[in-house]
Amino acid sequence: MSQPPFHILSLITFTPLIGAVLVLLMPKGSDKGIKLLSLVASVVSLLLTLYVWSHFDPNAGLMFEERSPWIPTLNIDYRLGVDGLSVTMALLTAIVTPLALLAHWKQDRNVKLFFFLFLLLETGMFGVFTALNFFHWFIFWELGLIPMYFLIKIWGAEDRTYASFKFFIYTLAGSVGMLLAFAFIYLATNSFDFLDLRQKAASGELNAAITKLVASIHDRTGLSISATGFSSLLFWGAFLGFAIKVPIWPFHTWLPDAHTQAPTGGSMLLAAILLKMGVYGFLRVILPIFPEQVAAHVNVLLLLSLASIVFGAYAALAQTDFKRLVAYSSVNHMGYAMLGIFATVAAAPNVADVMNEKAAALNGAVLQMFNHGISSAALFFMVGVIYERTHTRKLEEYGGLRKIMPIYAGVLGISMFSSLGLPGLNGFVGEFLVFKGAFPIITLVSSLATIGLVITGVFLLGMMQKVCFGPLNEKWTGLPDMSGREIFIGAVLMLFMFWIGIYPATFINASNTAVVQLVHVFAKAPEAMTALGH
């Protein structure tokens, strides 16, 4: 376990918060200074995250740990750390946030509040991926809710009030379920620590503690419920919080409205980072702390993943709104990540090398999180670029833009093929690993999931045809192509599309050790008795 020379994870997490406070202290009317200060704060976190990434050793387990007593009477520590499950998500947050800020460099309405909320949101996102104690992890989790609500509510499109309210209620409902689940877990174990709870789950101590808690509830209230049933209730409570955030079908209906109404940078962060907070929750919390409950309900979970893939693709196929189409594609793509996660849990007695296949599927899911973050941020940014010029998102009103905006058409095409999963680009690698591992284990579900791959190709290629090809709509004659700032944002995102597509080992190696340890939890191997980093 590595000890940093300074509290680098705290610096990464709270530098945007410091920037947000400084933004509030800036005098009214200093819009350029506010934008520059916000960008500097975000870039400082990026540079510190690159230091962590470059010094990260995946075989060392938990690294850069910070731990100190916070509320000793409640056995609550302030604890941060990164491992193979979280380091790539911290990197993704650090990359996309300054690009989202740059996307709003022309923002001229209520600039101080806008950039303050962005920096506050960045602190929340970093905290979710670095915190290891539920008590302060939940505070960071909620910081992903409040700023985004106001970003949609104040700077959103015509139906922003409805979309922001729906986003808030859905996410809050999930948070309440998760909070109740962990409140009971704390009553049973006197612990909020994720890694400690993982150890207790692996050793059977968590089940014993819940059994004792259920007996105590029965003695006090006369309520009769089995320990197994109570554990399942806790699992579904935690599941709800993460499933809504992913989102998994049928908890996805808030997403298209929120994406469609959010400002461009808000959509970039919502798709690239906030959805991954839900998937990350399954990796950090659900799988290691509720392994028996996940295994007991794995068939239902696989069907929900399949529904997200197929129904998300069909819904995207039916859209006429450019941004709404990209939003539904996120439901589809997150379904692949969840398929890879739940394939890890499914029984496969006839598979010769089941451990290797499960590790492939789970590595694919982790990589898919990063890949979708890059490709979805790019697509939502490209929607914002054209909307800023045309003030419409209707696909039928575009057409022939390649003739007057060749750079835009090129960047959009590469981003589209990245999302589609073209070999040589990042999207292919994650989806290939998911299906490579899942097919031998859950053959029928994986076969049906390929329907989503076909439909994805149809709606993405159809989108490209409607926007960039065919006859040029005469009212767009004279539209300017992408500016230098816009090209820079697209170039950074395309760099990662090609990097991972050509040489994915950099990212797979970062997660593989943590993934294999997680796979062993469901194989009942001796490694399951040891928490990450211990």
Side-chain angles (χ1 to χ4, degrees), residues 20 100 103-104 107 109-125 128 138-180 237-279 281 308 311-312 315-316 318-331 334 376-377 380 383-384 387 391-394:
H104 283 283
Q107 177 71 32
R109 182 165 65 92
N110 213 341
V111 172
K112 178 182 286 192
L113 180 59
F114 184 88
F115 283 85
F116 167 78
L117 290 172
F118 249 83
L119 292 174
L120 194 64
L121 178 60
E122 185 177 17
T123 286
M125 294 185 299
V128 166
F138 190 75
I139 296 173
F140 291 124
W141 176 270
E142 291 303 292
L143 273 180
L145 167 63
I146 299 170
M148 184 57 71
Y149 166 79
F150 285 110
L151 287 170
I152 299 172
K153 170 69 175 174
I154 300 174
W155 292 274
E158 59 277 359
D159 292 326
R160 57 187 178 271
T161 299
Y162 169 76
S164 60
F165 181 76
K166 191 173 183 180
F167 165 75
F168 188 89
I169 293 300
Y170 265 73
T171 309
L172 182 63
S175 296
V176 169
M178 183 165 53
L179 183 61
L180 288 173
F239 169 88
L240 183 65
F242 298 123
I244 289 174
K245 186 75 85 174
V246 171
I248 298 174
W249 184 92
F251 308 106
H252 69 288
T253 57
W254 64 268
L255 180 67
D257 295 312
H259 266 314
T260 304
Q261 301 304 316
T264 298
S267 290
M268 290 172 68
L269 292 184
L270 182 59
I273 314 298
L274 266 68
L275 305 190
K276 310 310 176 299
M277 288 163 52
V279 183
S308 299
F311 295 159
Q319 300 308 308
T320 59
D321 183 296
F322 194 178
K323 204 173 188 183
R324 203 169 180 87
L325 180 149
V326 178
Y328 272 110
S329 75
S330 291
V331 178
M334 287 297 90
S376 64
F380 278 113
V383 174
Y387 180 77
H391 302 290
T392 183
R393 297 187 303 268
K394 297 293 184 182

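Throughout, residue positions are numbered sequentially from 1 according to the sequence presented. The figures here come from the full heavy-atom set of this structure, side chains too, leaving out hydrogens, waters and symmetry mates.
Rounded to the nearest 0.5 angstrom, Leu270 CG and Ile152 CD1 are separated by 6.0 Å. The OG1 atom of Thr264 sits 11.0 Å away from the CG atom of Leu269 when rounded to the nearest 0.5 Å. In this structure, the separation between CE on Met125 and CG on Leu274 is 6.5 Å, given to the nearest 0.5 Å. The CG atom of Leu117 sits 12.0 Å away from the OH atom of Tyr149 when rounded to the nearest 0.5 Å. Of the inter-residue distances, the one linking Lys276 atom NZ with Ser330 atom OG reads 6.5 Å to the nearest 0.5 angstrom. If you take CZ on Arg109 and CD1 on Ile154, they are separated by 8.0 Å, rounding to the nearest 0.5 Å.
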Handout entry: Steps toward side-chain contact (heavy atoms from CB on, under 4.5 Å) verdict (Leu151, Phe114)
Key = CA-CA 7 Å; Leu151 287 170; Phe114 184 88; 3.9 Å; yes
Practice task
Could you walk me through whether Leu255 and Leu275 pass the side-chain contact (heavy atoms from CB on, under 4.5 Å) test, one step at a time?
Solution key: CA-CA 10 Å; Leu255 180 67; Leu275 305 190; 3.8 Å; yes
Exercise for the section: Let me see the working for Leu145 and Phe167 under side-chain contact (heavy atoms from CB on, under 4.5 Å), right down to the final yes or no. Expected result: CA-CA 8 Å; Leu145 167 63; Phe167 165 75; 3.7 Å; yes
Practice task
Dump the intermediate steps for side-chain contact (heavy atoms from CB on, under 4.5 Å) on Ser175 and Glu142, then the final yes or no.
Solution key: CA-CA 8 Å; Ser175 296; Glu142 291 303 292; 2.7 Å; yes
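The closest donor-acceptor contact from the side chain of Ser308 to the backbone of Trp249 lies under 3.5 Å. With Asp159 contributing its side chain and Tyr162 its backbone, the two residues share no donor-acceptor pair below 3.5 Å.
Between Met334 and Ile248 the shortest side-chain heavy-atom distance does not fall below 4.5 Å. You'll find the side chain of Lys323 reaches within 4.5 Å of the side chain of Phe380, heavy atoms only. Looking at heavy atoms from C-beta onward, Thr320 lies out of side-chain contact with Leu325 at the 4.5 angstrom threshold. Using a 4.5 Å heavy-atom cutoff, the side chains of His259 and Val326 are not in contact. Trp155 places a side-chain heavy atom less than 4.5 Å from the side chain of Gln107. Using a 4.5 Å heavy-atom cutoff, the side chains of Leu143 and Leu121 are not in contact. Side-chain atoms of Thr253 and Lys166, non-hydrogen and from C-beta on, do get closer than 4.5 Å to each other. Contact of the Pro263 side chain with the His104 side chain is registered, since non-hydrogen atoms from C-beta on lie closer than 4.5 Å.
The shortest heavy-atom contact between Tyr170 and Ile244 is O-CD1, 3.4 Å. Across every non-hydrogen atom of Phe140 and Thr123, the tightest pair is CD2-O, 3.8 Å. Summarising the geometry of Leu240 relative to Ala173, their closest heavy-atom pair is CD2-O, 4.2 Å, with the distance given to 0.1 Å. Thr260 and Ala157 get closest at one heavy-atom pair: O-CB, 4.3 Å. Taking every heavy atom of both residues into account, Phe242 and Met277 meet most closely at CD2-O, 4.4 Å. Taking both residues in full, the closest heavy atoms of Ala163 and Asp257 are given as CB-O, 3.4 Å, listed atom of the first, atom of the second, then distance.
For the 3.5 Å distance criterion, the side chains of Lys245 and Thr171 fail to qualify, holding no donor opposite an acceptor. Under the 3.5 Å distance criterion, with hydrogens and angles disregarded, no donor-acceptor pair is assigned to the side chains of Gln261 and Ser164.
The local environment of CZ in Phe138 is crowded, with over 12 non-hydrogen atoms from other residues, nucleotides or ligands closer than 6.0 Å.
Taking the six-membered ring for Trp and the full ring otherwise, Phe165 and Trp254 have centroids separated by 6.0 Å or more.
Phe115 and Phe118 have tilted rings, their planes meeting at an angle from 30° to 60° on a 0 to 90° scale.
Between Glu158 and Arg393 a salt bridge is recorded (basic side-chain N to carboxylate O distance below 4.0 Å).
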